[in-house]
Amino acid sequence: MKRFFIHVILTIFIGGVIYVLFRSDTLLMFRWFEFFKLDKLIYSLREYTFYYRKYIPESVLFSLPDCLWVYSFTMFLSFYLKNIFLIMIPCIGSVLTEIGQLWFVPGTFDILDILYMLAATGIALFFIYRHRISDKKQGKLLNQSV
């Protein structure tokens with residue numbers, strides 16, 4: 001449960017906080033905040049963080065949230081799936097979507113986004129491999145003690 005919280009919940013939460021506090025309020029989610037009557041709370045939080053925005057690198061504001069989404073989704077799938085191809089779906093889909101932004105997908109293509117997504121997937125695969133090795137070793141120790 002601790003691994004799930006750190007690798008899935010915490011990473012998606014951090015990416016969401018970046019969006020809520022620092023990204024443009026023209027994004028669709030801000031209309032949702034209005035609908036759910038959360039807009040005053042959100043805008044008051046944004047007032048406190050507005051000054052700090054200029055100190056945050058653009059790559060953190062614009063590429064890191066997508067990177068964290070890919071990482072979180074990849075890790076989420078790894079808790080339930082063993083097939084590496086299925087676990088790679090967030091990376092493959094995100095990279096294809098980013099490339100599609102060159103022609104027909106709404107958005108702005110950024111090679112840095114692709115590099116961040118690939119790095120996030122690499123880091124996720126490292127942790128997945130490490131956790132699976134650790135789980136196998138613990139399983140052997142449990143089987144030996146029985």
Side-chain angles (χ1 to χ4, degrees), residues 1-140:
M1 194 62 179
K2 180 180 171 184
R3 277 192 248 170
F4 187 87
F5 177 79
I6 291 170
H7 294 285
V8 177
I9 305 298
L10 186 60
T11 54
I12 201 75
F13 177 77
I14 292 168
V17 166
I18 293 170
Y19 260 91
V20 170
L21 297 181
F22 300 106
R23 296 292 294 269
S24 170
D25 63 359
T26 60
L27 295 171
L28 178 61
M29 67 181 184
F30 287 93
R31 303 303 74 81
W32 298 342
F33 296 148
E34 288 174 15
F35 178 79
F36 290 109
K37 307 291 186 218
L38 295 171
D39 52 325
K40 289 179 182 169
L41 171 66
I42 298 299
Y43 284 113
S44 66
L45 290 171
R46 288 172 63 87
E47 282 181 35
Y48 288 110
T49 60
F50 181 78
Y51 173 77
Y52 300 102
R53 188 181 192 282
K54 63 184 173 188
Y55 297 108
I56 301 172
E58 284 191 9
S59 63
V60 171
L61 294 176
F62 297 104
S63 298
L64 185 61
D66 293 339
C67 164
L68 292 172
W69 179 87
V70 169
Y71 179 85
S72 178
F73 194 13
T74 302
M75 293 303 290
F76 174 80
L77 291 176
S78 77
F79 282 92
Y80 301 102
L81 304 172
K82 301 296 179 209
N83 183 311
I84 194 67
F85 178 76
L86 295 176
I87 291 172
M88 295 288 292
I89 286 174
C91 179
I92 295 165
S94 296
V95 169
L96 290 176
T97 300
E98 190 68 28
I99 292 169
Q101 290 178 358
L102 287 169
W103 301 286
F104 54 87
V105 174
T108 305
F109 173 80
D110 186 353
I111 191 69
L112 192 57
D113 285 354
I114 292 176
L115 295 175
Y116 269 63
M117 290 176 210
L118 293 173
T121 303
I123 293 166
L125 292 174
F126 168 78
F127 281 116
I128 291 166
Y129 177 76
R130 193 170 130 210
H131 291 314
R132 288 187 179 170
I133 295 298
S134 173
D135 290 347
K136 284 182 182 177
K137 285 181 181 178
Q138 286 179 349
K140 286 182 181 176

Report summary line: What one should report as the nearest heavy-atom pair of Arg53 and Phe62 is NH2-CZ, 3.7 Å
Query - Heavy-atom closest contact (Leu81 atom, Ile87 atom, distance) - result: O-CD1, 3.5 Å
Report summary line: Rounded to the nearest 0.5 angstrom, the CH2-CG distance for Trp32 and Leu27 is 10.0 Å
Requested in this report: Using the six-membered ring wherever Trp is involved, compare the ring planes of His7 and His131 and label them parallel, tilted or perpendicular (cut-offs 30° and 60°).
Outcome: perpendicular
Query raised in the report: Taking all atoms of both residues into account, what is the closest heavy-atom pair of Ala124 and Thr74, and its distance?
Result: CB-CG2, 3.8 Å
Report task. To the nearest 0.5 Å, tell me how far Tyr71 OH sits from Ile123 CD1. Result -> 7.5 Å
Report task. Tell me, please, which residues at least two apart from Ser59 pass side-chain hydrogen bond (donor to acceptor under 3.5 Å, both in side chains). Result -> Tyr116
Report task. Just jot down the salt bridge (charged side-chain N to carboxylate O under 4.0 Å, His left out) partners of Arg31, sequence neighbours excluded, or say none. Result -> Glu34
Query raised in the report: Mind checking what makes salt bridge (charged side-chain N to carboxylate O under 4.0 Å, His left out) contact with Arg46, not counting sequence neighbours?
Result: none
**Report entry** Side-chain (Arg23) to main-chain (Ile18) donor-acceptor, under 3.5 angstrom
**Finding:** no
**Report entry** Side-chain heavy atoms of Leu125 within contact of Ile128, under 4.5 Å
**Finding:** yes
Query raised in the report: Is it the case that more than 12 heavy atoms not belonging to Phe50 sit under 6.0 Å from its CZ atom?
Result: no
Query raised in the report: Which pairs count as ring pair (Phe, Tyr, Trp, His ring centres under 6.0 Å) when at least one residue sits in residues 78-104, sequence neighbours excluded?
Result: Phe4-Phe79, Phe76-Tyr80
Query - Chi angles and distances behind the side-chain contact (heavy atoms from CB on, under 4.5 Å) call for Val20, Phe33 - result: CA-CA 10 Å; Val20 170; Phe33 296 148; 3.7 Å; yes
Query raised in the report: Distance from Phe30 atom CZ to Tyr43 atom OH, nearest 0.5 Å?
Result: 6.0 Å
Report summary line: Paired with Asp113, the side-chain contact (heavy atoms from CB on, under 4.5 Å) test is passed by just one of Cys67, Pro65, Ser63, namely Ser63
Query raised in the report: Do Phe73 and Trp69 have ring centroids that are under 6.0 Å from one another?
Result: yes
Scan the side chains in residues 91-102 for donor-acceptor partners under 3.5 Å anywhere in the protein, sequence neighbours excluded, and list what turns up.
{"residue": "Ser94", "atom": "OG", "partner": "Pro90", "partner atom": "O", "Å": "2.8"}
{"residue": "Thr97", "atom": "OG1", "partner": "Gly93", "partner atom": "O", "Å": "2.7"}
{"residue": "Glu98", "atom": "OE2", "partner": "Asp110", "partner atom": "N", "Å": "2.7"}
{"residue": "Gln101", "atom": "OE1", "partner": "Thr108", "partner atom": "N", "Å": "3.4"}
{"residue": "Gln101", "atom": "OE1", "partner": "Phe109", "partner atom": "N", "Å": "3.4"}

Query - Smallest separation among heavy atoms of Ser72 and Val8, with atom names - result: OG-O, 2.8 Å
Query - Heavy-atom closest pair, residues Met88 and Thr121 - result: SD-CG2, 3.7 Å
Query raised in the report: For Tyr55, which residues count as a side-chain hydrogen bond (donor to acceptor under 3.5 Å, both in side chains) partner, sequence neighbours excluded?
Result: Tyr51
Query raised in the report: Does Met75 reach the side chain of Arg3, with side-chain heavy atoms less than 4.5 Å apart?
Result: no
